[in-house]
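Okay, structure first, notes after.
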Amino acid sequence: MTLIAEPTAESATDTSRPPRQYLPEDFIVTDWAAIEPFFQELQDRPVYTPAELERWLLDRSELESVLSEDLAWRYIRMTCDTQDGTRAEAFQYFVNEVEPQVAPHDHALNEKMLASPHLSGLDERRYGVFLRSVRRASEIYRVENIPLKTEISTKQQQYAATVGAMNVTLDGQELTLPQAADRLKNPDRSVRETAWRAIQARRLQDSKPLDKLFTELVGLRNQVALNAGFSNFRDYMFAALGRFDYTPQDCFDFHRAIRETVVPLIDDFDLERRQDLNLPALRPWDLDVDPSGQPPLVPFGTGEELLEKTITVFHNLDSYLGDCLRTMRQMGHLDLESRKGKAPGGYNYPLDETGVPFIFMNATSSLRDVVTMLHEGGHAVHSFLTRGLPLGADKHPPSEVAELASMSMELMSMDQWHVFFPDADDLRRAKKTHLESVLETFPWVATVDKFQHWIYENPNHTEAERHACWVEIFDQFNQRTVDWNGLENFKPFLWQKQLHLYEVPFYYIEYAMAQLGAIAVWRNYRQNPAEGLAAYKRALALGYTAPIGQIYAAAGIRFDFSTDYLRTLADFVREEMAAL
């Protein structure tokens, strides 16, 4: 007997929350006292058969999904306005008062499940990946890490608040950093230089407190790893992230492959850019402007226009995709425009109980914003395709899969970019610019990832050593033909703009792995659009009910980041660029 069916895609237009089977329909998260009885009931409940164990799993998953969604909304509201103290307090209350109480109960439930004599009665094909993750979580759990993780969460919030408050004044106008960055696309070189220097100077103002914050985070994270029996935080995170499919050495090999195959291509792009711009030397503020000297592309005017056009693009690809975004708009699950006080970056936040995610971003009016919206929209589609999976854990595949969803959407959607760029020349410029950025993803990811490995292999490093290490790695992979003369004081702090380093450590190499997979998905789509898109959806609908390699295989591609595979797919991108 089984209570859990095979995964199937649910309707994208359903805005109702599924009826609860365990918690009362009117239950809301208030404090730990309201939550504890449910954890205790699960701990005390006798389980006599495999079917009862499955029922227990479903009830536990429902409780976890309710808590997860409550925390999600606290985080979303806080990032939408980092200057509102009440929102920050609500988030911190959960982090400080609820999560530390949940952690030991969660571990106890894991131990109860793993000790159950009925565990072998569960379908290994259906539960193998889930149980593998539970066993790993149980192995690395330490009660003494609970307060450390609470402290880490609190400090991570400081980064968002610090960066969210950064603004610059240009021509008498106060701008957020994303708004100011739009000027780097201006054909007037003096405008670009002024904007670039203003952005870097503003970041430099907070470089010391951000360095201090990072040092504190490194120390706390290292202690978490030592407590769990690991020699460093890198090895701890490989376990915590469930990296069963590759090792640190594989990452180092991938870095080397990127340096050998992709970095020379980027050098060629930069040399061509310098020639097209007729410059004696390429400077950092020359890298985003159109090489033809034309003004920046303006694909939309408002956040609403960005959303409406994205819905059209998605609908033209597949009506299901368009319905996903329509449902999110109907439910108010989007906050797209940049404004003062908003946290940096963009994300798609899954909402485990409702099944309809939330997209947050800082749009101004650029091509980069279009790509970000398409990227987060790919994540959103993934959330919809997995919303019918019974276990919450099944809805959260590792980032190597999650980013495949988003990056593939960027590329497959290019056939519909005329919605944003009706002019043929603008459309060609947009596609060429994006394909360059696809290849540029690899060196930057390698830079950040290699930096993280060094950071946590050497947790007692000084700030000066950190800065020197960053510059050395940066120069190996990036802007090797760009003149930084007179700007050397800015380069050691460029890493501070990467929020992943502060908020989600070691979540970055996945971007390069998934980018490689996304190019392969796109190549399949170019050869057979209907089957390529259908395979993409089939793979995503699996959630995390299969290992990474099997999910990639379902999409019709390989989980492979060897030098030969990287070179083959990079050559495909170059051929597509040449055909524009």
Side-chain angles (χ1 to χ4, degrees), residues 29 31-32 35-36 39 64 67-68 70-72 74-75 78-79 88-111 133-163 209-243 248 343 393 396 398-399 448 451-463 466 495-496 498-508:
V29 177
D31 54 22
W32 172 245
I35 303 165
E36 184 179 19
F39 278 99
E64 291 171 342
L67 293 177
S68 172
D70 184 84
L71 175 61
R74 292 170 191 252
Y75 179 81
M78 178 186 68
T79 55
E89 289 172 7
F91 176 76
Q92 280 304 317
Y93 177 82
F94 195 106
V95 169
N96 294 325
E97 303 298 331
V98 177
E99 282 190 326
Q101 300 283 357
V102 168
H105 286 268
D106 191 53
H107 176 66
L109 294 180
N110 281 344
E111 294 294 286
S133 297
V134 172
R135 290 189 180 100
R136 181 59 57 86
S138 180
E139 290 168 3
I140 68 174
Y141 172 83
R142 299 292 185 277
V143 67
E144 58 267 34
N145 280 338
I146 295 173
L148 291 178
K149 291 184 176 181
T150 299
E151 189 175 355
I152 288 170
S153 295
T154 300
K155 289 189 179 297
Q156 288 174 174
Q157 183 193 347
Q158 294 175 22
Y159 175 78
T162 300
V163 177
L210 286 176
D211 248 337
K212 180 176 181 293
L213 174 63
F214 193 69
T215 298
E216 293 169 350
L217 285 168
V218 170
L220 289 167
R221 289 165 178 164
N222 185 60
Q223 190 58 53
V224 166
L226 296 178
N227 289 349
F230 292 85
S231 59
N232 61 63
F233 183 70
R234 188 269 314 281
D235 293 346
Y236 170 85
M237 282 305 294
F238 265 65
L241 291 169
R243 289 184 174 169
H396 295 278
S399 300
V448 172
F451 182 58
Q452 292 197 91
H453 282 273
W454 182 88
I455 287 290
Y456 293 104
E457 287 176 344
N458 303 276
N460 298 316
H461 63 268
T462 65
E463 290 181 2
R466 180 191 304 158
W495 60 272
Q496 292 182 343
Q498 195 66 58
L499 67 83
H500 298 73
L501 294 169
Y502 286 86
E503 297 187 4
V504 277
F506 281 99
Y507 170 24
Y508 215 64

message: Check this for me: does any side-chain nitrogen of one of Glu139 and Arg135 sit under 4.0 Å from a carboxylate oxygen of the other?
response: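 Between Arg135 and Glu139 there is no salt bridge, as every charged N stays at least 4.0 Å from the carboxylate O atoms.
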Are [X] and [Y] close enough that some pair of their side-chain heavy atoms sits under 4.5 Å apart?
{"X": "Phe214", "Y": "Arg466", "value": "yes"}
{"X": "Tyr159", "Y": "Leu217", "value": "no"}
{"X": "Val98", "Y": "Ile35", "value": "yes"}
{"X": "Leu213", "Y": "Tyr502", "value": "yes"}
{"X": "Leu67", "Y": "Phe39", "value": "yes"}
{"X": "Glu463", "Y": "Thr215", "value": "yes"}
{"X": "Val224", "Y": "Arg142", "value": "no"}

- prompt: Taking it one step at a time, do Gln157 and Val95 satisfy side chain to side chain contact (heavy atoms under 4.5 Å, CB included)?
  reply: CA-CA 11 Å; Gln157 183 193 347; Val95 169; over 6 Å; no
- request: State which residues pass side chain to side chain contact (heavy atoms under 4.5 Å, CB included) with Asp31; sequence neighbours excluded, sorted by chain then number.
  value: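 Ala33, Ala34, Tyr93.
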query: Residues two or more places apart in sequence or in another chain: which of them pass side chain to side chain contact (heavy atoms under 4.5 Å, CB included) with Pro398?
result: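 Pro398 satisfies side chain to side chain contact (heavy atoms under 4.5 Å, CB included) with Glu400, Val401, Tyr544, Ile548 once adjacent residues are dropped.
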Working to the nearest 0.5 Å, report the span between [atom1] of [X] and [atom2] of [Y].
{"X": "Glu151", "Y": "Asn96", "atom1": "CD", "atom2": "CG", "value": "10.0 Å"}
{"X": "Asn222", "Y": "Leu148", "atom1": "CG", "atom2": "CG", "value": "11.0 Å"}
{"X": "Arg234", "Y": "Arg243", "atom1": "CZ", "atom2": "CZ", "value": "10.0 Å"}
{"X": "Phe94", "Y": "Met78", "atom1": "CZ", "atom2": "CE", "value": "13.0 Å"}
{"X": "Glu144", "Y": "Gln223", "atom1": "CD", "atom2": "CD", "value": "9.0 Å"}
{"X": "Asn145", "Y": "Leu226", "atom1": "CG", "atom2": "CG", "value": "9.5 Å"}

- prompt: Using 30° and 60° as the class limits, which term best fits the ring planes of His500 and Tyr508: parallel, tilted or perpendicular?
  reply: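 The rings of His500 and Tyr508 stand perpendicular, inter-plane angle above 60°.
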- prompt: Parallel, tilted or perpendicular: which fits the ring planes of Tyr456 and Phe233, with parallel below 30° and perpendicular above 60°?
  reply: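 Rings of Tyr456 and Phe233: tilted, as their planes differ by 30° to 60°.
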- prompt: So, the side chain of Thr79 versus the backbone of Tyr75: is there a donor-acceptor pair under 3.5 Å, distance only?
  reply: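 It does hold such a pair.
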Distance-only donor-acceptor pairs under 3.5 Å for side chains of residues 100-109, two or more places apart:
from	atom 1	to	atom 2	distance (Å)
Asp106	OD1	Arg60	NH2	2.7

Give me the atom names and distance for the closest heavy-atom approach of [X] to [Y].
{"X": "Asp235", "Y": "Ser231", "result": "OD2-OG, 3.5 Å"}
{"X": "Pro459", "Y": "Val218", "result": "O-CG1, 3.7 Å"}
{"X": "Ala239", "Y": "Ile140", "result": "CB-CG2, 4.0 Å"}

- request: Would you check, one step at a time, whether the test side chain to side chain contact (heavy atoms under 4.5 Å, CB included) holds for Leu499 with Val163?
  value: CA-CA 9 Å; Leu499 67 83; Val163 177; over 6 Å; no
- request: Report yes or no: is the cationic atom of Arg74 (NZ for Lys, CZ for Arg) closer than 6.0 Å to the six-membered ring centre of Phe91, at no more than 45° off its axis?
  value: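 Ring-cation test returns no.
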message: Assess the residue pair Glu111 and Tyr141 against the criterion (side chain to side chain contact (heavy atoms under 4.5 Å, CB included)); give the C-alpha distance rounded to whole Å, side-chain angles, the decisive distance to 0.1 Å, and a yes or no.
response: CA-CA 11 Å; Glu111 294 294 286; Tyr141 172 83; over 6 Å; no
message: Before you tell me yes or no, could you show the steps for Glu99 and Thr150 under side chain to side chain contact (heavy atoms under 4.5 Å, CB included), namely the whole-Å CA-CA distance, both residues' side-chain angles and the distance that decides it to 0.1 Å?
response: CA-CA 8 Å; Glu99 282 190 326; Thr150 299; 5.6 Å; no
